[in-house]
Amino acid sequence: MKPTGLRVPIPAGRFAEQLLRHDLPGLSDERRRQTLAFTQSRLRVLPSPMTVGVGAVAMLVGALGSVIGHRRVAGVLGHRALPVVRDYVRLLRSLSFAYVWETWPDTATDGSSISASTDGASVVGERR
Amino acid sequence: MRASGQWPGDLEAEVLVIGSGAGGAPTAALLAEDGLDVLVIEEGPWIPQGALRPFSLEQMEHQYRSRGVTVALGRPSIAYTEGRCAGGGSEINSGLYWRPPPTLLERWRDQYGLAALDPDGIDSILDEVERDLSVQLLPGTASAPSEMLRRGAAALGWYHDEVPRWMTYSDQEPAGRRQSMTETYLPRAQRAGARIVPGCRAERIEIGDGRARCVVVVAAGGDRHRIRFRHLIVCAGAIQTPALLLRSGLRRNIGRTLAIHPTVKLAARFDSPINVVDDVPVHQVKEFAPQLSFGGSASHPGLVALSLADSWDKFGDRIVDWERMSVYYAAITSEGHGRVRAIPGFTDPLVTYRLTRRDEALLGRGLARLSLLMLEAGAQEVYPSFRKAPVVRTRSDVAEQQRRFSATRATVMTVHLCSTVPIGGVGDGRRGADEWGAIPGVSNVAVNDASLLPDAPGVNPQATVMALAIRNVRHFIECARFRDGAS
């Protein structure tokens, strides 16, 4: 069998969005959109065995969200480190936080912009 | 060299080198300079040193495997990084240079039956490497995060030192220019006639009658091609080298002995701005080496946020102070072990790693000592990177931190991977390659990268990898192995 890369989208969208809303409620819609796009782009290129594992957990969490609500699931999983799922939450959170604060270092703890006028600009780049 | 994406037509070579990092680049340079027809294939792109901001997401996008999201599964899972570009890990690492300690080489020689491993010979090769890479100390003063490490260690009376780097410094580039493989050995290989093809992934080796016949490669566009050769040297790094051998049916002691330096982190907040977004400290603390070492990590605000993320409820409000913060690590030599497995139907290998109880305890002790070091350096607060960690302000908080620590709650990572095809003497039952990197059972295949290290060296392994690679290539040349076809 010829090895092939698994490059299927991981169904993280709704949960990732709600987790981001839960962690960083002050993040603007535009920044949230960019952050989620970044997260999805990284999930698309995970090593193929990871894609299977993360994809399975994402489907499970997604299914749970469709039953009891994604916001509720994000609220619970955002606080509780359940086995297996905690690595998924950590992965999404790590990608989001790294992107938000590298792209907009003037972000407050709740995700709001301290200077409120730098959407899309990399302040880190200007600091060099 | 050709741009990624253009397939140069039928390719064959006297020697095919797979991978262009710290093992592959010197291998290619020395063979080409000896007059051999050398072809180097590299999965990633060729990106000139300095084109991307160090340690940034942009760099991860272009020069890291899977854009930096790679994990060895286990309890806890351990995040690791691999370079995926011309020059490999040398393009993206800290550039901090450590000679292998003489006691390490002696131990390897005695423990693994490496009769031909001559510490004096390695020493003289390292002299050459240091000249070729311009290894030197910083010409000016160290950065503030580096100074904090020095200050804390000095206050505690712990052994510490500035680590030299493979860097050149000039008025145009006062922060230094990393003397990575794209700056040194790869241009040298090209000058001697070697061809380098980036954007070309080795899928498997076709083997028949005890010899490798060709390598099936996937070009950037997805097309498959075959490359023929007389000799094959695999230098794809400690994960991809065993993965390729396993996919090709070479399994004996391959991928079973992955060794790493597990690392835990913390962020320390000081009373004035110290953050440096695009460099790492040059001081390291080796009081408890080789079991335990302390140093500084890249600390752009995204990475500071990551270091706080495990206890975001408690630490998150400090992120607005990122300019006064820097990230530090405690690294251990592990007694655990990992595996690299090739799974049929999957492009990428499955990597696993299991820490021992001793490893977990050592990580906890290491992180506690690192917190103490930071307090002595003047940190107002320390934020250890594990769930339910306390904010550390005093020595008594350090004791509480150690009490609460659990490796399964921590963010554990590593940047040093090795020993997946370990060299060994004839009597060494775990050896994946002979003393010089040749793979038993197939006459014209050798490995020449970090995979060969018998175990984790306890220091940044690049110098050790390069020295062993140069030693092995010279041995092959001296034996006229390639030129005469003798195997």
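Chain A is the first sequence line, chain B the second, and so forth, proteins listed ahead of strands; every chain is numbered from 1. The figures that follow rest on heavy atoms only: side chains count, while hydrogens, waters and symmetry mates do not.
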Sequence neighbours left out, what passes ring pair (Phe, Tyr, Trp, His ring centres under 6.0 Å) with A:His22? Give chain and number order.
A:His79

Over all atoms of both residues, closest heavy-atom pair of A:Arg90 and B:Arg409
NH2-O, 3.4 Å

Determine all donor-acceptor pairs shorter than 3.5 Å in which one atom belongs to a side chain in residues 53-64 of chain A; sequence neighbours excluded.
none

Closest heavy-atom pair, B:Arg67 versus A:Val45, reported as atoms and distance to 0.1 Å, is CD-CG2, 3.6 Å

Go through B:Pro349, B:Ala175, B:Ala410 and name the one with the most non-hydrogen pairs under 4.5 angstrom from chain A.
B:Ala410

Looking at B:Val320 and A:Ala108, what are the two nearest heavy atoms and their distance?
CG1-CA, 3.8 Å

Within a strict 4.5 Å, meaning less than it, do heavy atoms of the B:Trp322 and A:Thr107 side chains meet?
no

If you take all heavy atoms of B:Ser66 and A:Leu46, which pair is closest and at what distance?
OG-C, 4.0 Å

Within the distance-only criterion (no hydrogens, no angle test), does the side chain of A:Glu102 pair as donor or acceptor with the backbone N or O of B:Leu303 below 3.5 angstrom?
no

Heavy-atom distances under 4.5 Å only: say whether A:Tyr99 touches chain B with side chain, backbone, both or neither.
both

As an exercise, state the distance from OG1 of A:Thr109 to CG of B:Leu308, rounded to the nearest 0.5 Å.
9.0 Å

If we only count heavy atoms from C-beta on, is the A:Arg42 to B:Leu57 side-chain gap below 4.5 Å?
yes

Distance from A:Ser94 atom OG to B:Asp310 atom CG, nearest 0.5 Å?
7.5 Å

Whatever's closer than 4.5 Å to a heavy atom in chain A on B:Pro76 counts as neither

Less than 4.5 Å apart, side chain to side chain, heavy atoms only: is that true for B:Val69 and A:Met50?
yes

Please check if the number of heavy atoms outside A:Arg32 that lie under 6.0 Å from its CZ is greater than 12.
yes

For a quick test of reading the model, state the closest non-hydrogen atom pair linking B:Ala305 to A:Trp101 and the distance between them.
CB-CE3, 3.7 Å

Only pairs of heavy atoms separated by less than 4.5 Å count here; which of B:Glu61, B:Arg75, B:Arg318 has the most with chain A?
B:Glu61

Answer yes or no: does atom CZ of B:Arg354 have more than 12 heavy-atom neighbours from other residues, nucleotides or ligands under 6.0 Å?
no

Could you pull out the closest heavy-atom pair between B:Trp312 and A:Leu24, with the gap in Å?
CZ2-CD2, 4.2 Å

Quick check: does any side chain N or O of A:Ser48 sit under 3.5 Å from a backbone N or O of B:Phe346, one acting as donor and the other as acceptor?
no

Quick check on B:Asp317 against chain A: is it the side chain, the backbone, both or neither that has a heavy atom closer than 4.5 Å?
both

